[in-house]
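Here is the structure we will look at.
Since the model is a prediction, treat every value here as computed from it, not as a measurement.
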Amino acid sequence: MKIVKEEKHLYKFLKTVFDIQKSAKQKYIIGNYGFLYFYTPYRSGKFYQKSERRIAMEYNFNEYASYTLSQLPNGDFELRENDALVIEQMINYMAKINDILNNAKFRYCIDKDDTCQLAKMTSLTHKMLCDDDMKYFRRFEDVEVFQNEDYLIADSNVVEDDLNIHVSLAFNTSGHEVELQVQEGIFKTIVDAVSDEVEEEPKQEQEVPAEDENVENENCPIADYKVEESFQEELETDLDNENPFAQEDEEPF
(Lines give C-alpha, C1' and ligand atoms only; values in the text may rest on other atoms or scores of the structure.)
Protein backbone atom coordinates (compact mmCIF):
# COMPACT_ATOMS: atom_id res chain seq x y z
CA MET A 1 0.00 0.00 0.00
CA LYS A 2 1.55 3.31 -1.12
CA ILE A 3 0.66 6.60 0.55
CA VAL A 4 1.45 9.79 -1.37
CA LYS A 5 1.88 13.35 -0.05
CA GLU A 6 -1.52 14.39 -1.37
CA GLU A 7 -3.12 12.08 1.21
CA LYS A 8 -1.81 14.56 3.75
CA HIS A 9 -3.35 13.28 6.99
CA LEU A 10 -2.22 9.66 6.75
CA TYR A 11 1.03 10.81 5.15
CA LYS A 12 1.75 13.13 8.09
CA PHE A 13 1.00 10.35 10.57
CA LEU A 14 3.28 7.90 8.75
CA LYS A 15 6.01 10.55 8.54
CA THR A 16 5.78 10.88 12.32
CA VAL A 17 5.86 7.10 12.83
CA PHE A 18 8.80 6.83 10.44
CA ASP A 19 10.77 9.50 12.34
CA ILE A 20 10.00 7.84 15.70
CA GLN A 21 10.94 4.37 14.48
CA LYS A 22 14.40 5.53 13.37
CA SER A 23 15.59 5.45 16.99
CA ALA A 24 13.79 2.24 18.03
CA LYS A 25 15.03 -1.33 17.86
CA GLN A 26 11.60 -2.72 18.65
CA LYS A 27 8.89 -1.32 16.37
CA TYR A 28 5.53 -2.60 15.21
CA ILE A 29 2.70 -1.28 13.04
CA ILE A 30 -0.70 -2.96 13.30
CA GLY A 31 -3.82 -2.42 11.22
CA ASN A 32 -7.31 -3.51 12.24
CA TYR A 33 -10.78 -2.43 11.07
CA GLY A 34 -9.61 0.93 9.70
CA PHE A 35 -7.39 1.78 12.67
CA LEU A 36 -3.61 1.92 12.33
CA TYR A 37 -1.53 1.47 15.51
CA PHE A 38 2.20 1.80 16.06
CA TYR A 39 4.38 0.77 18.98
CA THR A 40 7.95 1.47 20.11
CA PRO A 41 9.16 1.08 23.72
CA TYR A 42 8.65 4.77 24.63
CA ARG A 43 6.26 6.09 21.98
CA SER A 44 3.05 4.67 20.57
CA GLY A 45 -0.24 5.82 19.06
CA LYS A 46 -2.98 5.28 16.51
CA PHE A 47 -4.62 6.84 13.45
CA TYR A 48 -8.16 6.73 12.08
CA GLN A 49 -10.00 8.65 9.42
CA LYS A 50 -13.53 8.21 8.14
CA SER A 51 -15.59 9.75 5.38
CA GLU A 52 -19.21 9.10 4.44
CA ARG A 53 -18.70 10.03 0.80
CA ARG A 54 -15.02 9.91 -0.17
CA ILE A 55 -14.63 6.15 0.00
CA ALA A 56 -11.30 6.30 -1.82
CA MET A 57 -9.81 8.24 1.10
CA GLU A 58 -10.78 5.64 3.69
CA TYR A 59 -8.24 3.02 4.67
CA ASN A 60 -9.75 -0.31 5.61
CA PHE A 61 -6.58 -1.87 6.96
CA ASN A 62 -6.81 -5.64 7.00
CA GLU A 63 -8.17 -7.43 10.03
CA TYR A 64 -5.23 -8.15 12.34
CA ALA A 65 -2.38 -7.31 9.96
CA SER A 66 1.13 -6.16 10.86
CA TYR A 67 3.11 -3.91 8.54
CA THR A 68 6.61 -2.72 7.72
CA LEU A 69 6.92 1.01 6.94
CA SER A 70 9.42 2.29 4.38
CA GLN A 71 9.95 5.56 2.52
CA LEU A 72 10.47 5.57 -1.22
CA PRO A 73 13.09 7.78 -2.94
CA ASN A 74 10.39 10.26 -4.04
CA GLY A 75 9.23 10.71 -0.44
CA ASP A 76 6.08 8.57 -0.62
CA PHE A 77 5.53 5.94 2.07
CA GLU A 78 4.81 2.26 1.65
CA LEU A 79 3.14 -0.18 4.05
CA ARG A 80 3.86 -3.85 3.44
CA GLU A 81 2.28 -6.70 5.36
CA ASN A 82 4.66 -8.91 7.33
CA ASP A 83 4.50 -11.79 9.80
CA ALA A 84 6.28 -10.04 12.67
CA LEU A 85 3.35 -10.58 15.07
CA VAL A 86 0.73 -13.25 15.57
CA ILE A 87 -2.89 -12.26 16.26
CA GLU A 88 -2.57 -12.67 20.03
CA GLN A 89 0.41 -10.29 20.11
CA MET A 90 -1.42 -7.73 17.96
CA ILE A 91 -4.43 -7.83 20.27
CA ASN A 92 -2.15 -7.37 23.28
CA TYR A 93 -0.35 -4.32 21.84
CA MET A 94 -3.58 -2.68 20.65
CA ALA A 95 -5.23 -3.26 24.05
CA LYS A 96 -2.30 -1.66 25.90
CA ILE A 97 -2.24 1.37 23.61
CA ASN A 98 -6.00 1.84 23.94
CA ASP A 99 -5.75 1.50 27.72
CA ILE A 100 -3.20 4.34 27.86
CA LEU A 101 -5.27 6.59 25.60
CA ASN A 102 -8.72 5.82 27.02
CA ASN A 103 -7.72 6.36 30.65
CA ALA A 104 -5.91 9.66 30.11
CA LYS A 105 -7.22 12.92 31.54
CA PHE A 106 -7.44 16.19 29.62
CA ARG A 107 -5.00 18.92 30.72
CA TYR A 108 -5.02 21.78 28.18
CA CYS A 109 -5.00 22.76 24.49
CA ILE A 110 -1.76 23.53 22.66
CA ASP A 111 -1.47 27.18 21.66
CA LYS A 112 0.48 27.39 18.40
CA ASP A 113 1.53 30.96 19.19
CA ASP A 114 2.91 30.10 22.64
CA THR A 115 6.63 30.89 22.73
CA CYS A 116 7.35 28.58 25.67
CA GLN A 117 5.29 25.47 24.95
CA LEU A 118 7.67 22.99 26.60
CA ALA A 119 7.90 25.12 29.75
CA LYS A 120 4.11 25.43 29.94
CA MET A 121 3.62 21.69 29.44
CA THR A 122 6.09 20.85 32.20
CA SER A 123 4.54 23.36 34.61
CA LEU A 124 0.98 22.11 34.03
CA THR A 125 1.60 18.36 33.89
CA HIS A 126 4.71 17.97 36.09
CA LYS A 127 6.03 15.64 33.39
CA MET A 128 9.12 16.03 31.21
CA LEU A 129 9.37 15.22 27.51
CA CYS A 130 12.47 14.45 25.51
CA ASP A 131 13.62 17.50 23.54
CA ASP A 132 12.77 15.87 20.19
CA ASP A 133 9.23 14.90 21.21
CA MET A 134 7.81 18.43 21.40
CA LYS A 135 7.96 18.80 17.61
CA TYR A 136 5.38 16.03 17.24
CA PHE A 137 2.92 18.01 19.37
CA ARG A 138 3.43 20.97 17.03
CA ARG A 139 3.07 18.90 13.86
CA PHE A 140 -0.68 18.31 14.07
CA GLU A 141 -3.65 20.68 14.15
CA ASP A 142 -5.94 21.33 17.14
CA VAL A 143 -3.81 19.34 19.58
CA GLU A 144 -5.09 18.66 23.10
CA VAL A 145 -2.73 17.42 25.81
CA PHE A 146 -3.81 14.49 27.97
CA GLN A 147 -1.99 12.82 30.85
CA ASN A 148 -2.00 9.24 32.10
CA GLU A 149 0.44 8.18 34.82
CA ASP A 150 3.82 8.14 33.04
CA TYR A 151 2.43 9.26 29.68
CA LEU A 152 1.80 12.57 27.96
CA ILE A 153 -0.57 12.30 25.02
CA ALA A 154 -1.06 14.50 21.96
CA ASP A 155 -4.62 14.11 20.67
CA SER A 156 -5.71 15.72 17.41
CA ASN A 157 -9.22 15.55 15.97
CA VAL A 158 -9.78 17.44 12.71
CA VAL A 159 -12.93 17.63 10.58
CA GLU A 160 -12.65 18.68 6.93
CA ASP A 161 -16.00 18.73 5.14
CA ASP A 162 -17.24 15.19 5.79
CA LEU A 163 -13.80 13.76 6.62
CA ASN A 164 -12.98 13.07 10.27
CA ILE A 165 -9.31 12.48 11.16
CA HIS A 166 -8.21 11.36 14.62
CA VAL A 167 -4.55 11.03 15.65
CA SER A 168 -3.28 10.08 19.11
CA LEU A 169 0.40 9.93 20.14
CA ALA A 170 1.53 8.69 23.58
CA PHE A 171 4.98 9.50 25.00
CA ASN A 172 6.43 7.71 28.04
CA THR A 173 7.97 10.30 30.39
CA SER A 174 9.54 7.87 32.88
CA GLY A 175 13.28 8.28 33.34
CA HIS A 176 13.17 12.09 33.36
CA GLU A 177 12.50 12.56 37.10
CA VAL A 178 15.93 14.03 37.91
CA GLU A 179 15.88 16.35 34.91
CA LEU A 180 12.34 17.37 35.82
CA GLN A 181 13.37 18.41 39.34
CA VAL A 182 16.02 20.72 37.90
CA GLN A 183 13.99 22.12 35.02
CA GLU A 184 10.52 22.49 36.53
CA GLY A 185 11.40 25.55 38.63
CA ILE A 186 13.14 27.19 35.68
CA PHE A 187 10.18 26.52 33.40
CA LYS A 188 7.72 27.94 35.91
CA THR A 189 9.79 31.13 36.08
CA ILE A 190 9.74 31.38 32.28
CA VAL A 191 5.97 30.89 32.05
CA ASP A 192 5.32 33.44 34.82
CA ALA A 193 7.66 35.98 33.21
CA VAL A 194 5.99 35.65 29.81
CA SER A 195 2.52 35.91 31.38
CA ASP A 196 3.50 39.07 33.30
CA GLU A 197 4.96 40.62 30.16
CA VAL A 198 1.75 39.97 28.22
CA GLU A 199 -0.41 41.47 31.01
CA GLU A 200 1.75 44.60 31.30
CA GLU A 201 1.99 45.28 27.56
CA PRO A 202 -0.45 48.08 26.68
CA LYS A 203 -2.96 47.38 23.98
CA GLN A 204 -2.38 49.36 20.80
CA GLU A 205 -5.22 50.44 18.61
CA GLN A 206 -5.00 48.83 15.23
CA GLU A 207 -6.27 50.37 12.09
CA VAL A 208 -9.09 48.30 10.66
CA PRO A 209 -8.62 47.80 6.92
CA ALA A 210 -11.50 48.55 4.62
CA GLU A 211 -13.53 45.51 3.65
CA ASP A 212 -12.85 44.12 0.23
CA GLU A 213 -15.91 42.54 -1.30
CA ASN A 214 -13.72 40.22 -3.35
CA VAL A 215 -11.91 38.79 -0.34
CA GLU A 216 -13.52 36.29 2.01
CA ASN A 217 -12.48 37.13 5.56
CA GLU A 218 -14.33 34.26 7.20
CA ASN A 219 -13.02 30.71 7.52
CA CYS A 220 -9.38 31.67 7.09
CA PRO A 221 -7.35 28.98 8.95
CA ILE A 222 -4.12 30.92 9.39
CA ALA A 223 -2.94 28.61 12.18
CA ASP A 224 -3.40 25.60 9.91
CA TYR A 225 -1.27 27.23 7.22
CA LYS A 226 1.50 27.78 9.78
CA VAL A 227 1.36 24.13 10.80
CA GLU A 228 1.47 22.95 7.19
CA GLU A 229 4.36 25.29 6.33
CA SER A 230 6.31 24.14 9.38
CA PHE A 231 5.69 20.49 8.52
CA GLN A 232 6.70 21.03 4.88
CA GLU A 233 9.97 22.71 5.93
CA GLU A 234 10.68 19.87 8.34
CA LEU A 235 9.87 17.30 5.65
CA GLU A 236 12.20 18.90 3.10
CA THR A 237 15.00 19.09 5.67
CA ASP A 238 14.60 15.42 6.63
CA LEU A 239 14.58 14.27 3.01
CA ASP A 240 17.75 16.25 2.27
CA ASN A 241 19.60 15.15 5.37
CA GLU A 242 18.84 11.64 6.66
CA ASN A 243 20.95 11.08 9.79
CA PRO A 244 20.44 7.98 11.96
CA PHE A 245 19.35 8.57 15.58
CA ALA A 246 20.64 6.81 18.66
CA GLN A 247 18.87 3.49 19.25
CA GLU A 248 16.34 3.15 22.04
CA ASP A 249 16.73 0.36 24.54
CA GLU A 250 14.06 -2.29 24.27
CA GLU A 251 11.64 -2.03 27.17
CA PRO A 252 8.01 -3.13 27.43
CA PHE A 253 5.13 -0.87 28.43
Side-chain angles (χ1 to χ4, degrees), residues 1-104 133 136 139-141 143 146 148 151 153-160 162-172 231 235 238 248 250-253:
M1 180 188 306
K2 186 169 72 171
I3 294 86
V4 299
K5 296 177 184 178
E6 285 71 22
E7 302 170 65
K8 64 177 184 178
H9 297 292
L10 180 57
Y11 184 91
K12 188 182 296 186
F13 177 76
L14 291 179
K15 167 63 176 163
T16 300
V17 175
F18 186 77
D19 290 344
I20 289 173
Q21 286 189 341
K22 287 179 183 178
S23 59
K25 294 179 182 178
Q26 187 182 11
K27 49 195 175 185
Y28 302 115
I29 297 176
I30 304 165
N32 192 41
Y33 291 110
F35 288 87
L36 191 65
Y37 295 78
F38 81 94
Y39 165 83
T40 70
Y42 294 101
R43 304 168 181 90
S44 58
K46 70 178 181 179
F47 170 93
Y48 181 71
Q49 74 178 28
K50 182 176 179 60
S51 172
E52 298 298 331
R53 294 178 300 182
R54 287 179 281 182
I55 305 300
M57 296 188 69
E58 292 188 39
Y59 297 90
N60 295 317
F61 298 105
N62 293 341
E63 180 180 357
Y64 299 121
S66 63
Y67 297 92
T68 298
L69 176 64
S70 60
Q71 188 169 30
L72 303 176
N74 65 353
D76 295 340
F77 287 102
E78 186 175 29
L79 284 169
R80 289 189 177 182
E81 287 193 45
N82 60 32
D83 56 357
L85 299 171
V86 298
I87 291 179
E88 290 77 9
Q89 290 174 310
M90 296 183 205
I91 293 174
N92 185 46
Y93 279 113
M94 289 188 293
K96 289 181 177 179
I97 292 171
N98 282 326
D99 183 65
I100 292 171
L101 300 177
N102 294 339
N103 292 294
D133 287 343
Y136 302 126
R139 184 173 288 182
F140 297 91
E141 296 89 351
V143 174
F146 288 75
N148 179 17
Y151 289 87
I153 295 160
D155 194 83
S156 171
N157 191 63
V158 177
V159 177
E160 291 186 356
D162 68 318
L163 186 66
N164 187 292
I165 309 101
H166 197 143
V167 175
S168 297
L169 306 173
F171 300 84
N172 193 320
F231 174 68
L235 175 62
D238 288 349
E248 285 181 352
E250 290 189 26
E251 289 189 13
F253 279 90

pair [X]-[Y]: side-chain heavy atoms closer than 4.5 Å:
X      : Y      : value
Met94  : Tyr64  : yes
Glu78  : Ile3   : no
Lys5   : Asp76  : yes
Glu141 : Glu160 : no
Tyr136 : Ile20  : yes
Val17  : Phe47  : no
Leu10  : Phe77  : no
Ser156 : His9   : no

What is the distance from atom [atom1] of [X] to atom [atom2] of [Y], rounded to the nearest 0.5 Å?
X      : Y      : atom1 : atom2 : value
Asn148 : Ile100 : CG    : CD1   : 7.0 Å
Asn164 : Lys50  : CG    : NZ    : 9.5 Å
Ile30  : Ile91  : CD1   : CD1   : 10.0 Å
Leu85  : Asn92  : CG    : CG    : 10.0 Å

Can a donor-acceptor pair be found, under 3.5 Å and without considering hydrogens, that links the side chain of Ser168 to the backbone of Lys46?
no
Would a distance-only check, ignoring hydrogens and angles, find a side-chain to backbone donor-acceptor pair under 3.5 Å from Gln21 to Phe18?
no
Residue of the set Ile153, Asp155, Thr16 for which side chain to side chain contact (heavy atoms under 4.5 Å, CB included) holds with Leu169
Thr16
For a quick test of reading the model, state the closest non-hydrogen atom pair linking [X] to [Y] and the distance between them.
X      : Y      : value
Ser66  : Ala84  : OG-N, 3.7 Å
Met90  : Ala65  : SD-N, 3.7 Å
Tyr151 : Ala170 : CD2-CB, 4.1 Å
Gly75  : Tyr11  : O-OH, 2.7 Å

Residue pair Lys12, Val167: steps toward the side-chain contact (heavy atoms from CB on, under 4.5 Å) verdict:
CA-CA 10 Å; Lys12 188 182 296 186; Val167 175; over 6 Å; no
Would you indicate whether Asp83, at its atom CG, is surrounded by more than 12 heavy atoms from other residues, nucleotides or ligands within a distance under 6.0 Å?
no
For side-chain contact (heavy atoms from CB on, under 4.5 Å), just list the numbers for Ser70 and Arg80, CA-CA rounded to whole Å, side-chain angles, deciding distance to a tenth of an Å, and then say yes or no.
CA-CA 8 Å; Ser70 60; Arg80 289 189 177 182; 5.6 Å; no
When the ring planes of Tyr93 and Tyr39 are compared, do they come out parallel, tilted or perpendicular, using 30° and 60° as the limits?
tilted
